[in-house]
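The figures that follow rest on heavy atoms only: side chains count, while hydrogens, waters and symmetry mates do not. Order of the sequence lines sets the chain letters (A, B, ...), proteins ahead of strands, with each chain counted from 1.
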Amino acid sequence: MSGRFRICHSAESRTLPELPEVETTRRGIAPHLQGQHIAELRVRQWRLRWPIPRELPSLLAGQPLGSLARRGKYLLFGFPSGTAILHLGMSGSLRLLSESTPPGKHDHVDFILGNATALRYTDPRRFGALLWTADDPEQHPLLRDLGPEPLGESFDGDYLFRRSRNRRVSSKAFIMDSKVVVGVGNIYANEALFMAGLRPGRAAGRLSRAECVRLAEQIKAVLNKAILAGGTTLRDFVGGDGKPGYFSQELSVYGRGGEPCPRCATALKSIRQGQRATVYCPRCQR
DNA sequence: ACGAAGCCCTGCAAGC
DNA sequence: TGCTTGCAGGGCTTCG
């Protein structure tokens with residue numbers, strides 16, 4: 001690619017931005033933000049999960065972009081005077097496109113860069129958020145109590161074992177708890193439990209140390225695999241290079257209730273656990 | 001402290 | 001065909 005990003009505008013086939021998608025987004029757009037500044041912040045819809053701070057456009061205008069970091073599913077845009085915290089919710093996406101591209105119905109925010117391009121935030125369901133902190137973002141209330149990064153060194157089977165003692169919540173709810181570990185959403189929780197051979201409804205506190213080791217390993221494996229594939233979705237998730245992600249075709253259980261287990265061909269069971277779809281193999285997962 | 005349920009929002013699918 | 005209803009989901013918030 002010749003230094004110029006692909007312009008993407010189709011709005012098809014988006015799925016939930018889980019950690020791999022957020023990381024893919026970060027990697028896709030970061031190179032295009034290098035050395036740029038915010039010429040203007042155009043907000044068309046202020047009401048997201050929380051309202052966008054009214055003062056954000058004036059805070060960002062003219063500011064040079066520093067680092068683009070990720071904590072869990074939060075993207076952190078570093079500026080000299082603070083940090084913009086962006087969450088994609090469950091239907092959000094970021095794309096790079098020409099400033100003059102007409103906004104669609106759900107294109108809520110444009111970060112207009114100095115080079116006449118726009119980083120456009122789209123979010124049909126508006127479960128996402130765009131906030132600002134002038135202080136250490138790690139101390140922000142939304143980030144303060146987050147558990148470790150699943151791909152970091154501090155997250156392993158021993159950690160899961162320790163944290164799960166005396167916990168009666170289901171294993172699935174446990175690994176989806178962002179205070180335990182960040183970035184494990186419904187899709188990857190289902191997948192990791194399948195790969196680890198663990199039944200989602202098992203109380204977390206009843207997992208053995210060896211099972212916790214397996215679970216931690218599979219969480220890492222599933223997330224890494226998804227990141228390599230470019231995120232689970234999506235033809236146009238990132239304007240970064242517009243490459244489609246193929247991982248959704250490789251999901252073993254998620255969305256496959258009733259289909260044969262890829263390992264033993266038993267029909268996969270689909271249940272609801274705490275308002276969330278859970279799919280597992282009644283034979284392979286104990 | 002813990003666990004479960006409620007809530008925010010819109011697009012889509014199913015049912016009448 | 002066109003309406004209504006239900007469901008999906010992350011994750012904070014509230015309730016028990």
Lys/Arg N to Asp/Glu carboxylate O, [X] vs [Y], below 4.0 Å:
| X | Y | result |
| --- | --- | --- |
| Glu211(A) | Arg206(A) | no |
| Arg71(A) | Glu138(A) | yes |
| Asp107(A) | Arg44(A) | no |
| Asp156(A) | Lys220(A) | no |
| Asp145(A) | Lys179(A) | no |
| Glu23(A) | Arg26(A) | yes |

Report, one pair per line, the protein and nucleotides 9-11 of chain B atoms (nitrogen or oxygen only) whose separation is under 3.5 Å.
unit_1: dC9(B); atom_1: O4'; unit_2: Arg125(A); atom_2: O; d: 3.4
unit_1: dC9(B); atom_1: O3'; unit_2: Arg126(A); atom_2: NH1; d: 3.3
unit_1: dT10(B); atom_1: OP1; unit_2: Arg126(A); atom_2: NH1; d: 2.5
unit_1: dT10(B); atom_1: O2; unit_2: Arg125(A); atom_2: NE; d: 3.2
unit_1: dG11(B); atom_1: OP1; unit_2: His106(A); atom_2: NE2; d: 2.4

How many whole angstroms separate atom [atom1] of [X] from atom [atom2] of [N]?
| X | N | atom1 | atom2 | result |
| --- | --- | --- | --- | --- |
| Arg144(A) | dG11(C) | CZ | C1' | 16 Å |
| Lys172(A) | dG3(B) | NZ | C1' | 15 Å |
| Lys73(A) | dG11(C) | NZ | P | 4 Å |
| His87(A) | dG10(C) | NE2 | P | 9 Å |
| Leu75(A) | dG10(C) | CG | P | 17 Å |
| Glu18(A) | dG9(C) | CD | P | 10 Å |

Taking distance alone, no hydrogens or angles, what donor-acceptor pairs closer than 3.5 Å link side-chain atoms of residues 33-41 of chain A to residues at least two apart or in another chain?
unit_1: Glu40(A); atom_1: OE1; unit_2: Arg42(A); atom_2: NE; d: 3.2
unit_1: Glu40(A); atom_1: OE1; unit_2: Arg42(A); atom_2: NH2; d: 3.3
unit_1: Glu40(A); atom_1: OE2; unit_2: Arg42(A); atom_2: NE; d: 3.3

| field | Residue pairs, two or more places apart or on separate chains, that pass ring-ring contact (aromatic ring centres under 6.0 Å, His included) and touch residues 63-109 of chain A | value | Tyr74(A)-His87(A), Phe77(A)-Phe111(A)
| CZ/Arg286(A): more than 12 non-hydrogen atoms of other groups inside 6.0 Å | yes
| task | Check side chain to side chain contact (heavy atoms under 4.5 Å, CB included) between Arg263(A) and all other residues, then give those that pass, not counting sequence neighbours. | result | Phe194(A), Cys261(A), Cys284(A)
| Within residues 267-282 of chain A, residues whose heavy atoms come under 4.0 Å of DNA chain C | Arg272(A), Arg276(A), Ala277(A)
| Any side-chain N or O of Tyr188(A) under 4.0 Å from OP1/OP2 of dG9(C)? | no
Taking N or O atoms only and anything under 3.5 Å, show me the protein contacts with nucleotides 12-16 of chain C, one pair per line.
unit_1: dC12(C); atom_1: OP1; unit_2: Tyr74(A); atom_2: OH; d: 2.8
unit_1: dC12(C); atom_1: O4'; unit_2: Arg49(A); atom_2: NH2; d: 3.0

| field | Charged tip of Arg165(A) within 45° of Phe161(A) ring normal and under 6.0 Å | value | yes
